[in-house]
Trainee: 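Sharing a structure with you now.
For clarity, every value in this text was computed on a predicted model and none was experimentally measured. Residue numbering restarts at 1 for every chain, and letters A, B, ... go by the order of the sequence lines.
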Amino acid sequence: MSSFTYQFDTPSYKGTSTVSTGLFINGKFIEPVEKGTIEVVNPVNGKIITSVAAGTAADIDNAARAARKAYKERWGLKVPGVQRGRMLSKLADLLEANADEFAALEALDVGKAFRAARNGDVSASIAALRYYAGWADKIQGKTIETNEKKLAYTRHEPVGVVGAIVPWNFPLTMLSFKLGPALAAGNAVIVKPSELTPLTALRLCPLFVEAGFPDGVINVVSGYGSTAGQALSEHMDVDKITFTGSTLTGRKIMETASKTNLKKITLELGGKSPSVIFDDVDLEQTVKWVSHGIFMNHGQACTAGSRIFVQAGIYDRFLKAFTEHASSLKVGDPFARDTYQGPQVSQTQFDRIMGYIKSGKEEGATVHIGGERHGNEGYFIQPTIFTECKSNMKIVQEEIFGPVAAIIKFATEEEAIEQANNTVYGLACSVFTRDIDRAIRVAHSIEAGTAWINCHNSSELSLPFGGYKQSGIGRELGEYALEHYTNLKAVHVNIGHRL
Amino acid sequence: MPSTFTKTFDTPAYKGTVTIPLGLYINGEFVDPVEGGTIDVVNPATGKVVTSIAAGTKADIDIAAKAAKEAYKTSWGLKVPGIQRGKLMSKLAVLMEEHIAEFAALDALANGKAYNTAYGKDNKGAIAVMEYYAGWADKISGKTIETNEKKLAYTRHEPIGVVGQIIPWNVPMFSLSLKVAPALATGNTIVLKPSEITPLSALLFCTLIEQAGFPPGVINIVNGYGSTAGQAISEHPLIEKVAFTGSTLTGRKIMEAAAKSNLKSVTLELGGKSPNVIFDDADLEQAVKWAIHGIYYNHGQNCSAGSRIFVQEGIYDKFLDQFTEQARAIKVGDPFSPDTYQGPQVSKTQFERIMGYITSGQNDGATVHLGGKQVGQEGYFIEPTIFTECQPNMKIVREEIFGPVACVIKFKTEDEVVEQANDTSYGLAASVFTKDIDRAIRVAHALEAGTAWINCSNQAEISMPFGGFKQSGIGRDLSEYALENYTNVKAVHVNIGLRL
């Protein structure tokens, strides 16, 4: 079976990584039925690093069969929660033992800074697997009082076979956020990584085996969304899809589910999250948090605080400090020690973001800083700030998914809330103020699944995460995620009611 | 069109006069539909038109959604504390009780179910559901969650906003209550479309809403066809959630419409082909009675009907004899006669559908052990019917008939019957009859269904969740669990010391 070996010799990481590039089905790497491949591109220079197998419908079908068999014969409730938890813990340990290598692969594939991949992505992945390992033996139903002639209880059973379609912005992390609860609750899983960033998912496969997961419990089928992803959404023997990605694709998945076996879906989609800054803030901290909010991961975060509302009284000072801070962000090679921002993930994304920047200029907003490509090769874009934005501009309404901030001045709290809510999205928001009443009032008034007060993009594994409105359906993380990976069964035992 | 309908009932089961408005109930008033259409309501006992109601279309749904949104923003939602919402719901339950006889008469008239059933089951149940959720209204809780000392982190279970609800014709008032109640308790406003076949009791319900003290626009009830008004609800951009009970076919359309419009969340309670598994150590007398109830209750028009009856071979002959005797003894007749158990099927379409399945069973080689024919010459009455010699691939065994038609199937072993019982795309409910404790629980757990009944069948509890595995649905009705369908979880992270 083919594999890909990469030698890293960089200031941040030196080492060798070997990744099998086949499809991982039923515990083994195999060739895809239709023998296609996908090229993996290094976004730093646009050059091909390697190619991996591309699965299609036939492979998804094989994976679904393997998953169903594994679920029925050697997984699900046949394996007590405490054992499922131990395997997840072991997987976390193995990931931790190889943390630097995984971070390097992620930095190579996505283009994110090694430092961010190591301290952000990989750490969060390990933590998520550990967190859910602890839930595996704590899945509980209820006994419910009805009357003395009946014993009535609920069971929170595994759903069965779950399809997980994972995005490219935090590949390993998003995968862990899905694997954790799915496996803890006793489901078998078929993963379709993003065709842009399959490397860490593939590198994880041998660790599944070493951690002791039976064959077929976790399957990884790389492939395109329109083929492998579609096949997974349509499959009559897949009980649930969990998807993180664009709202456009989320709609297709829901429609496909409705037309096939009415499989359950959770969708984590896009956002245009507002950051609302009042004039009583600690300016220095606010600037740092807001910058983290929009420029983290090169703006490629569903919760990016991409609409920054600044109260009139502090507007000029904020803009000056924010601009200074943004200008200091080091754009460059992901493996250079002082890099903050690497390239955008692909040519397509690069073009899309540059298109939005152009549209901003054309619609009359002002490029305060940035607005141009950085360098001559790869997909680097300068951190960009737009001012003089109007609410109907595309750069204010649509998700850009790049390092582009739109700054908008406001006068009153009511106005800020109304503008903040003037969007079809509702994933996250942040509010910055020292006033306790206002902080909580505004956080509660903005229509979003996560509200941050005096911070942004400060996530917690133990809190639920997900969208209001068109930002999604369902919640990930926390205990809440488990609901989405279990089927609720009510059992009524008649112990005396006679007809 | 006239704005009200009055009927005087002079029957053995009920004597009284009922008057209902016929318009659309939007923003606290009865109004004419924008496009002026009507729908005839037919009495299935006679096949004759009883009255015509206003039929809403997309334009009316739009008006209702806007009214509901405005009410949510100004006079409902979290502006009205849970304890207040609960009080209004309790008042509504009291009013429903005061008018219970009228509600029962309207349901019996339009649906064809026996008046005593409409009274004692449907409407008593509807009132109990409203009371149950009134008690939840001030107990909606989120959590505080420990993360670290530099952060206060908590969740809120907020109302969603405007929810759309589409209810079926088989248990009109019970369906209405179990949809409306959890939505109101959690602070949502509602646009509800009753079934066009059984709209009358919902119209009576509208007259109690203002009396109970609900602000205008909180509950809006718009009668209309599924393909127009129902579709409009599924598509509407201001409606952020849709809850539907009905056929799997329509459920799919609703989910598709939600995906294509504003990705509103969707809960669906769909069809079933629920197995009833009877082992040879069952208490036979009770098993027969429960099996009768499981398939013939509500004329088989029951999503959780135990329509595939698996009987272990040791007890098969005795079971079949007793089951047949009791089925034969079922009193089919006028809903307003006090000893009627089974009235007509709800409509001509349903009647023809069921008769079509009976024909298909015969054509596929199953034996009509009992029944199989129309009762009488008018209306849509069908004899309680039993098929034997059924094979698993027959349409009558695979597809939901939704009528008084039982398929009785012999089995040998537990493994065989669990496999056959699970050989269906549905997964709504199941029952198992045995006195063996191990087997009872083992089999109940092995059957892939959202509800498993042990030594009983179709005995729902308001405090227990109800809903489907597989293609029988998404989400759960009833119990505390239903509240999740009507809340948006928001996570709030308060930074009280984490500095960058």
Trainee: Sub-3.5 Å donor-acceptor pair from the side chain of Arg498(A) to the main-chain atoms of Gln286(B), do we have one?
Mentor: no

Trainee: Going from CE on Met255(B) to OG on Ser258(A), what distance comes out if it is rounded to the nearest 0.5 angstrom?
Mentor: 6.0 Å

Trainee: Looking at the rings of Phe465(A) and His493(B), which for Trp means the six-membered one, are their centres under 6.0 Å apart?
Mentor: no

Trainee: Just how far is it from atom CG of Asn495(B) to atom CH2 of Trp452(A), taken to the nearest 0.5 Å?
Mentor: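 Between atom CG of Asn495(B) and atom CH2 of Trp452(A) there are 12.0 Å.
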
Trainee: For the candidates Ile474(B), Val489(B), Ile145(B), which exhibits the highest count of non-hydrogen atom pairs separated by less than 4.5 Å from chain A?
Mentor: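 Maximum pair count with chain A is reached by Val489(B).
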
Trainee: Taking salt bridge (charged side-chain N to carboxylate O under 4.0 Å, His left out) as the cut-off, I'd like each qualifying pair that reaches into residues 444-461 of chain A, sequence neighbours left out, listed once.
Mentor: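 Non-adjacent pairs meeting salt bridge (charged side-chain N to carboxylate O under 4.0 Å, His left out): Glu447(A)-Lys469(A), Glu460(A)-Lys151(B).
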
Trainee: Is the shortest side-chain N to carboxylate O distance from Lys470(B) to Asp239(A) below 4.0 Å?
Mentor: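 Salt bridge: no.
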
Trainee: I need the residue from Ile473(A), Thr260(A), Leu499(A) with the largest number of non-hydrogen atom pairs under 4.5 Å to chain B.
Mentor: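 Option with the top pair count is Leu499(A).
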
Trainee: Shorter than 4.5 Å, heavy atoms on both sides: which option in Ser459(A), Ala257(A), Ser462(A) has the most such pairs with chain B?
Mentor: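 Highest number of pairs under 4.5 Å: Ser462(A).
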
Trainee: Show the nearest heavy-atom pair for residues Glu461(B) and Asn147(A), with the distance to one decimal.
Mentor: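 The pair with the smallest heavy-atom distance is OE2-ND2, 4.1 Å.
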
Trainee: Atom NZ of Lys264(B) and atom CD of Gln470(A): how far apart are they, to the nearest 0.5 Å?
Mentor: 9.0 Å

Trainee: Does any backbone or side-chain atom of Thr451(B) lie under 4.5 Å from a heavy atom of chain A? Answer side chain, backbone, both or neither.
Mentor: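 For Thr451(B), heavy atoms of backbone and side chain both lie under 4.5 Å from chain A.
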
Trainee: Distance from Gln471(B) atom CD to Lys263(A) atom NZ, nearest 0.5 Å?
Mentor: 9.0 Å

Trainee: Output the option from Glu483(A), Glu284(A), Met236(A) having the highest count of non-hydrogen pairs under 4.5 Å with chain B.
Mentor: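 Max contact count across the listed options: Glu483(A).
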
Trainee: Rounded to the nearest 0.5 Å, what's the gap from OG on Ser479(B) to CG on Leu488(A)? Could you check?
Mentor: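 Answer for the OG-CG pair, Ser479(B) versus Leu488(A), is 7.0 Å.
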
Trainee: Of all residues at least two apart in sequence or in a different chain, which pass the ring-ring contact (aromatic ring centres under 6.0 Å, His included) check with Tyr340(A)?
Mentor: none

